[in-house]
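These notes concern the structure reproduced below.
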Amino acid sequence: MRVIYMGTPDFAVPPLTAMHQAGHEIVYVVTQPDAVSGRGKKVHFSPVKAKALELGIPVLQPEKIRKNQEFLETIRQAKPDVIVVAAYGKILPKTVLELPPLGCINIHGSLLPRFRGAAPIQAAIIEGDEETGITIMKMAEGLDTGDMLAKATTLTDGKTGQQLHDELASLGAELLIQTLPALPTIKGQPQDDALSTYAPMISKQDGHIDFSEDAARIERRIRAFDPWPGTFAYAKEKMLKFWKAEVLDRTAEAPAGTIVEAKNDHIDIACGKGILRVTEIQAPGKKRTAVKEYLKGNSIEIGMVLG
RNA sequence: CGCGGGGUGGAGCAGUUGGUAGCUCGUCGGGCUCAUAACCCGGAGGCCGAAGGUUCAAGUCCUUCCCCCGCAA
């Protein structure tokens with residue numbers, strides 16, 4: 001099949017690789033423009049661009065699409081059968097959605113209509129869903145509202161955001177390869193808008209722990225935000241990131257955020273409900289460390305309140 | 001040249017205004033104990049990230065490089 005692929009981050013790499021291996025003719029890869037990022041402000045390619053270059057596929061990086069006649073003309077002349085989109089990072093205008101004969105299809109990291117939006121994978125963990133998955137849909141003008149074409153599921157289990165992300169990325173690639181050939185005949189299933197939820201884009205600030213929450217939810221947040229943006233709280237002026245924790249059912253008789261115990265391999269913190277037992281921590285400028293190790297060279301003041 | 005923290009015995013950390021390194025844990029040996037992630041006694045283990053330089057003398061000052069990490073993007 002003749003396809004144009006649009007995607008940007010790591011999540012969008014496996015589908016690209018899979019289509020290439022499956023023998024689909026990928027005319028162009030469209031991805032976000034190079035941008036400065038990371039320490040030292042160096043210019044970095046998007047992961048998808050890096051892979052496309054490796055595979056020898058022409059890359060397009062339009063700043064904007066809507067009024068970009070040159071870009072629109074280029075993809076029109078490419079005459080793709082379909083445009084496949086995975087975490088591209090920009091809303092596509094109707095002119096693009098209607099351009100290919102088979103339309104545009106999108107790989108989304110949740111079981112729609114649950115968790116429409118930018119961060120479905122993390123949302124599934126935070127909300128405590130036992131099951132999540134991948135949905136491939138026909139793209140419509142609304143945000144992740146198109147008719148569903150195929151689904152694949154997996155368990156959330158005790159997975160971190162990274163683990164679930166990687167798993168769903170490859171699951172999405174598989175599902176895409178299965179779905180593409182059937183595209184001309186497959187019948188989409190409309191989403192039930194009444195059941196839809198929205199998973200907004202995550203910001204650094206979302207990692208700031210609110211200890212008045214249920215310890216169980218905080219633990220899920222810690223997992224979901226591993227490795228980014230990380231989940232943190234402040235001890236005095238110092239930021240502490242938490243990477244692993246358990247939940248104790250009993251409730252502490254102390255205000256939320258109070259450190260009630262710190263010994264051996266754990267630091268216990270009072271929450272709105274339950275106690276958060278932190279077992280892996282990271283201080284600024286330091287690496288992730290098991291609390292067991294951390295406590296050997298650092299002292300934790302019992303009764304201190306984290307904010 | 002975006003801002004900043006750090007690389008010290010196996011692990012996590014201290015090391016004052018430069019004078020050949022210390023703590024906690026672990027480890028090994030011994031002791032106590034019904035027992036212990038407990039306690040007591042004793043021991044091993046470090047070319048202090050790398051390469052230069054200053055100095056009578058550098059972990060501690062200067063230069064360059066390598067690596068790790070936080071912020072910001």
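Within every chain, numbering begins at 1; the chains are lettered A, B, ... in the order of the sequence lines, protein sequences first and strands thereafter.
- Residues F45(A) and L53(A) are in side-chain contact: their nearest non-hydrogen atoms beyond the backbone lie under 4.5 Å apart.
- Looking at R221(A) and D206(A), no side-chain N of the basic residue comes within less than 4.0 Å of a carboxylate O on the acidic one, giving no salt bridge.
- Look at E280(A) and K244(A) and you find a salt bridge, because one of the NZ, NE, NH1 or NH2 atoms lies within 4.0 Å of a carboxylate O, short of that distance.
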Donor-acceptor contacts under 3.5 Å from residues 83-93 of chain A side chains, at least two apart:
residue: K90(A); atom: NZ; partner: Q32(A); partner atom: OE1; Å: 2.6
residue: K90(A); atom: NZ; partner: E63(A); partner atom: O; Å: 3.2

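- A salt bridge is absent between E127(A) and R220(A): the closest approach of a Lys/Arg side-chain nitrogen to an acidic carboxylate oxygen does not fall below 4.0 angstrom.
- Taking atom CD1 of residue I300(A) and atom P of nucleotide C25(B), one finds them 17 Å apart after rounding to whole Å.
- Applying the Watson-Crick and G-U wobble criteria (two distances, each under 3.5 Å), C3(B) pairs with G70(B).
- In summary, R277(A) and D268(A) engage in a salt bridge, as defined by a charged side-chain N under 4.0 Å from a carboxylate O.
- Using P as the reference atom, C62(B) and G19(B) are 15 Å apart when rounded to the nearest Å.
- Between U33(B) and G15(B), the two C1' atoms lie 38 Å apart (nearest whole Å).
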Legend entry - Base-contact (B) and sugar-phosphate-only (S) positions in nucleotides 63-73 of chain B, heavy-atom cut-off under 4.0 Å, - elsewhere: -----SBBBBB
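- Atom OH of Y294(A) and atom P of A14(B) are 10 Å apart (whole Å).
- Across G5(B) and C61(B), the matching P atoms stand 14 Å from one another, rounded to whole Å.
- As rounded to the nearest Å, A51(B) and C39(B) have C1' atoms that lie 48 Å from one another.
- When the C1' atom is used for both A14(B) and U55(B), the distance is 26 Å, rounded to whole Å.
- Atom P of nucleotide G9(B) and atom NZ of K296(A) are separated by 14 Å, given to the nearest angstrom.
- Pairing for G52(B) goes to C62(B), judged as Watson-Crick or G-U wobble with the two contacts each under 3.5 Å.
- Across A38(B) and G26(B), the matching C1' atoms stand 16 Å from one another, rounded to whole Å.
- Taking atom P in both A44(B) and G6(B), the straight-line distance is 32 Å, to the nearest Å.
- Straight-line distance between the C1' atoms of U20(B) and C48(B): roughly 11 Å, to the nearest whole Å.
- Nucleotide C23(B) has G12(B) as its partner under the Watson-Crick or G-U criteria, with both atom distances under 3.5 Å.
- Summarising the geometry, the separation between CD1 on I267(A) and P on G12(B) is reported as 16 Å, rounded to the nearest angstrom.
- Here C39(B) sits opposite G31(B) as a Watson-Crick or G-U wobble pair (both hydrogen-bonding atom distances under 3.5 Å).
- Atom NZ in K292(A) sits about 15 Å away from atom P in A11(B), given to the nearest Å.
- Distance CG (D265(A)) to P (G26(B)): 13 Å, rounded to an integer number of Å.
- Ion pair K292(A)/D265(A) not flagged as a salt bridge, since none of the NZ, NE, NH1 or NH2 atoms sits closer than 4.0 Å to an Asp/Glu carboxylate oxygen.
- In this structure, G46(B) forms no base pair with any nucleotide, since neither Watson-Crick nor G-U wobble geometry is met with both distances under 3.5 Å.
- Between D144(A) and R114(A), no side-chain nitrogen of the basic residue sits less than 4.0 Å from a carboxylate oxygen of the acidic one, so the salt-bridge criterion is not met.
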